[in-house]
Engineer: 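This is the structure, below, for whatever I ask next.
Counting starts at 1 for both ligands and their atoms, in listed order. Residues take their numbers from the sequence shown, with the count starting at 1.
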Amino acid sequence: MTPMIDILHGPNLNMLGTRQPEVYGHDTLEDINEQLIALGSELGAVVRCFQSNHEGHLIDKIQQLRGASDGIVINAAALTHISIGIRDALLAAEVPFVEVHLSNVYAREPFRHHSYLSDIAMGVISGFGPTSYELALRALLG
Ligand code: DQA
């Protein structure tokens, strides 16, 4: 069966392209999603993409993926550092996931060094720009 992979983007990632390009690069979210959908089809998977600025909407989406997704690539953005709700939703969904960040969060402010997701993730990829998502997708399908 064709694997279904879900890419989840958290708050402010809809602003990519114009948001602090020196940190997050010039690609828009649409560029990143298009690249991931194309790579997914090359690798024989269906890639679906979702972005929300709202914690509850992300939690609703993660809950819906229980039994309906083969893997999640999540950039929870700022919610990574504060959301027990996203953590609990991922635990409840029981879908393997990779945590990604465009920037290297460990080279930035100390409040970005803690993640509520890392210890329950398959793995964490941080610092490679849009390639972080690509590596995560390859890891999930590998
Ligand atoms: C981010 C890093 C987070 O600390 C930040 O709040 C983001 C984006 C990244 O992709 O580098 O919004 O997750």
Engineer: How far is atom 7 (C) of ligand 1 from the closest protein heavy atom, and which atom is that?
Structural biologist: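 Nearest neighbour among protein heavy atoms for atom 7 (C) of ligand 1, to 0.1 Å: Tyr24 OH, 3.5 Å.
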
Engineer: Quick check: Leu13 and ligand 1, any N/O pair under 3.5 Å apart?
Structural biologist: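 N/O-N/O distance below 3.5 Å does not exist for this pair.
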
Engineer: I'd like to know whether the aromatic ring centres of His9 and Tyr133 sit less than 6.0 Å apart in this structure.
Structural biologist: yes

Engineer: Looking only at non-hydrogen atoms, find the nearest pair between Arg48 and Ala68 and report the distance.
Structural biologist: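 Minimum heavy-atom contact is NH2-O, 2.9 Å.
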
Engineer: Looking at non-hydrogen atoms alone, which of His113, Arg112, Glu99 comes nearest to atom 6 (O) of ligand 1?
Structural biologist: Arg112

Engineer: If you draw a 6.0 Å radius around CD in Gln20, do more than 12 non-hydrogen atoms from other residues or ligands fall strictly inside?
Structural biologist: yes

Engineer: For atom 2 (C) of ligand 1, which protein heavy atom lies nearest, and how many Å away is it?
Structural biologist: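 Here the closest protein heavy atom is Val105 CG1, 3.7 Å.
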
Engineer: Which ligand 1 atoms are under 4.0 Å away from a heavy-atom of His81?
Structural biologist: 3 (C), 4 (O)

Engineer: Can you tell me which residue and heavy atom of the protein come closest to atom 11 (O) of ligand 1, and the distance to 0.1 Å?
Structural biologist: Ser103 OG, 2.5 Å

Engineer: How about Tyr24 and His26: are their ring centroids closer than 6.0 Å?
Structural biologist: no

Engineer: With only distance considered, is His101 within less than 3.5 Å of ligand 1 through an N or O on each side?
Structural biologist: yes

Engineer: Test of understanding: clusters of I, L, V, M, F, W, Y form through side-chain heavy atoms closer than 4.5 Å, transitively. Do Phe97 and Leu79 belong to the same one?
Structural biologist: yes

Engineer: Determine whether the side chain, the backbone, both or neither of Val23 has a heavy atom under 4.0 Å from any heavy atom of ligand 1.
Structural biologist: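 Neither part.
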
Engineer: Among all protein non-hydrogen atoms, which one is nearest to atom 9 (C) of ligand 1, and what is the separation to 0.1 Å?
Structural biologist: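 Checking every protein heavy atom, the shortest distance to atom 9 (C) of ligand 1 gives Leu102 N, 3.4 Å.
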
Engineer: Hey, can you tell me if His113 and Tyr106 have their rings parallel, tilted or perpendicular (30° and 60° cut-offs)?
Structural biologist: tilted

Engineer: So is Arg19 close enough to ligand 1, meaning a heavy atom under 4.0 angstrom away?
Structural biologist: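 True for this residue.
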
Engineer: If I compare all heavy atoms of Arg108 with all of Ser103, which pair ends up nearest, and what's the gap?
Structural biologist: NH1-OG, 2.9 Å

Engineer: Give the contacting part of Asn75 toward ligand 1: side chain, backbone, both or neither, where contact means a heavy-atom distance below 4.0 Å.
Structural biologist: side chain

Engineer: Does Phe50 have more than 12 heavy atoms from other residues, nucleotides or ligands lying within 6.0 Å of its CZ?
Structural biologist: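 Yes, because the 6.0 Å sphere around CZ of Phe50 holds more than 12 heavy atoms from other groups.
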
